[in-house]
Protein chains: 2
Amino acid sequence: MTSTAATAITAETETAAQRARRERILAATLALAARGGYEAVQMREVAERSEVALGTLYRYFPSKVHLLVSAMASEVERLSARLQKRQAPGETRAERAAFVLERSTRSLQREPLLTEAMIRAMMAADATVATEVASVREGMADLIVQAMRGGGPEQEHDVDLAAILQDVWFARQIAWLGGRIEAADVWRDIHLAITLVLRD
Amino acid sequence: MTSTAATAITAETETAAQRARRERILAATLALAARGGYEAVQMREVAERSEVALGTLYRYFPSKVHLLVSAMASEVERLSARLQKRQAPGETRAERAAFVLERSTRSLQREPLLTEAMIRAMMAADATVATEVASVREGMADLIVQAMRGGGPEQEHDVDLAAILQDVWFARQIAWLGGRIEAADVWRDIHLAITLVLRD
DNA sequence: TGGCATACTAGAACACGTTCCTGTTTCTGG
DNA sequence: CCAGAAACAGGAACGTGTTCTAGTATGCCA
């Protein structure tokens, strides 16, 4: 009759060993996903590669979807840090938004299996993954809004328009995963949406 | 060493008994989904309720995702038949598109668990389900394009704009399933997207 | 330092989608 | 009507995500 509170491990109180475990887990996840996509990320395999017991893996990430969405969040952060170093070039909001979205799209297409794994997890996310999903979406939204503004003043529907573009962006990735469009068409469709939606 | 060709059952050569089986299966699927959502649609249970062996169920629908996407296709067809009886009211393309999309959204929200099951399946669909997914999307796209045109002439980007709206429509349903927005916000966001995207 | 809660390991156990096997029924061509 | 093929029933078996159990290690507080 122990009072095991099942406290989730929060980032704040993490010891060094725990941070190391978390990072080994995420690294193993990204490696497996990059090599074999969603189905290749098997929880037993992730645990083994990160030298962590299966139960421990589940203590850090309560489901496969949590795990992959968290991995995506860390990837988006990396991408965001890289892109926000300098202002996106372009005269219009559409051109600047196109710049960052093209870079993001190309960056993802460089590792198609990793992308498949992460996007599929995003789609499978239910309410229990809301926090992790939100951090991915915030990262993407920031990227787009910053680019649109281009250092200039904010405009009335910036955030809403960025949300629409992000929806289209995700939807086109899904269409690609679903075999409905080719990889090359992903960017073409997104670009078309940008020009239709952002008519300055 | 039999030469079982594992011929999929196509709609054309179906006997009456086969059509009946297919419909019992779809009915059982919709009933289970409406009651308990995606996870309540368990293949063993569907088989039992439709009085069909598990193997037979898999002969008709090669996976749970195929099954649910097919169910959605039949629902979209029903909805489409009902809505296309008369022209959508409204002066502008935005108003007419809003009309059909609001009806569709409301219709889905009446059975939230069923919607959850179908949308989740759409998102989980990989390339092997492309045919079924395409039929759902064509149904929705027709609905939107017809409403936009409102009996008038077609315009340059009708189809592309309808595709964007459909992407947003799906994305907002997912956001709702993912607990990121409330049911009531689904329609508000879609409506906003319509006014932003369809500025006549 | 000792005691105790918490975290971790190792691995069994469970659930459900999916596959496979064996025997039976139904359909179809001759 | 008959023979073979295809479809079906019933159910065992398998894979992988998830949960649970028992024992061990680690960090914290008096």
Side-chain angles (χ1 to χ4, degrees), chain A residues 1-22 24-25 28-29 32-33 36-69 117 120-121 124-126 128-129, chain B residues 1-22 24-25 28-29 32-33 36-69 117 120-121 124-126 128-129:
Chain A
M1 203 51 49
T2 61
S3 63
T4 330
T7 15
I9 295 184
T10 67
E12 294 80 39
T13 54
E14 242 175 10
T15 72
Q18 284 173 334
R19 172 170 303 279
R21 277 193 200 93
R22 180 186 299 278
R24 285 206 308 279
I25 292 171
T29 301
L32 285 169
Y38 187 84
E39 70 169 15
V41 179
Q42 303 197 352
M43 300 304 270
R44 289 174 180 81
E45 182 79 13
V46 171
E48 192 170 338
R49 295 220 178 183
S50 30
E51 293 179 296
V52 145
L54 188 55
T56 302
L57 170 54
Y58 272 92
R59 178 191 294 274
Y60 282 75
F61 301 96
S63 80
K64 175 170 174 173
V65 170
H66 283 82
L67 174 59
L68 278 164
V69 174
R120 197 165 284 284
D126 64 8
T128 69
V129 205
Chain B
M1 203 50 53
T2 60
S3 63
T4 329
T7 15
I9 293 185
T10 66
E12 294 79 37
T13 55
E14 241 175 11
T15 71
Q18 286 173 332
R19 172 170 304 277
R21 277 193 200 94
R22 179 184 301 276
R24 284 205 309 276
I25 293 171
T29 301
L32 286 169
Y38 188 82
E39 71 170 13
V41 180
Q42 303 196 354
M43 299 303 269
R44 290 177 178 82
E45 181 78 13
V46 171
E48 191 170 339
R49 295 221 178 183
S50 31
E51 295 179 296
V52 145
L54 189 55
T56 303
L57 171 54
Y58 272 92
R59 178 190 296 273
Y60 282 76
F61 301 97
S63 81
K64 176 170 173 170
V65 171
H66 282 82
L67 174 58
L68 278 164
V69 174
R120 197 166 285 284
D126 64 7
T128 69
V129 205

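Just so we're on the same page: letters track the sequence lines, and every chain starts at 1.
Of the listed nucleotides (D:dA9, C:dG17, C:dA7), D:dA9 has the atom at the smallest distance from the side chain of B:Ala53.
At a threshold of 4.0 angstrom between heavy atoms, the contacts of A:Glu51 are confined to the sugar-phosphate backbone, with no base atom among them.
Side-chain contact between B:Tyr60 and B:His66: absent, with no pair of heavy atoms (C-beta onward) separated by less than 4.5 Å. The closest side-chain heavy-atom distance from A:Arg120 to B:Asp126 is below 4.5 Å.
One can place CD of A:Glu48 at 11 Å from P of C:dG11, the figure rounded to the nearest angstrom. At whole-Å resolution of the value, OH in B:Tyr58 and C1' in C:dT19 are 9 Å apart. In this structure, CD of B:Glu45 is placed 15 Å from P of C:dA15, rounded to the nearest angstrom. In this entry the distance linking OH of A:Tyr38 with P of C:dG17 reads 14 Å, nearest Å. The nearest whole Å value for the distance from the CZ atom in A:Arg59 to the P atom in D:dC20 is 13 Å. Regarding B:Arg19, its CZ atom lies at a distance of 17 Å from the C1' atom of D:dA7, rounded to whole Å. A straight line from CZ of A:Phe61 to C1' of D:dG17 spans 16 Å, rounded to a whole angstrom. One interatomic measurement links the two molecules: CZ of A:Arg22 to P of C:dA7, which rounds to 12 Å at whole-angstrom precision.
The side chain of A:Thr56 contributes no N or O atom lying less than 4.0 Å from OP1 or OP2 of C:dA7. Regarding contacts with the backbone of D:dG27, every side-chain N or O of A:Gln18 stays at 4.0 angstrom or more from both OP1 and OP2. The phosphate of D:dC8 has OP1 or OP2 within less than 4.0 Å of a side-chain N or O from B:Tyr60.
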Under 3.5 Å, N/O pairs linking protein and nucleotides 21-27 of chain C:
none

Check the interface with nucleotides 12-16 of chain D: list each N/O to N/O pair with the protein under 3.5 Å, or write none.
residue : atom : partner : partner atom : Å
D:dA13  : N6   : B:Arg44 : NH2          : 3.2
D:dT16  : OP1  : A:Gln42 : NE2          : 3.1

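Residue pairs meeting the side-chain hydrogen bond (donor to acceptor under 3.5 Å, both in side chains) criterion with at least one partner in residues 42-55 of chain A, sequence neighbours excluded, are A:Glu45-A:Arg49.
Nearest heavy atom pair, residue B:Val52 against residue B:Leu57, reads CG1-N, 3.5 Å. The two residues A:Val65 and A:Ala125 make their nearest non-hydrogen contact at CG1-CA, 3.9 Å. Between A:Gly37 and A:Ala117, the shortest heavy-atom distance links the atoms C-CB, 3.8 Å.
With rounding to the nearest 0.5 angstrom, the NZ atom of B:Lys64 is 10.0 Å from the OG1 atom of B:Thr29.
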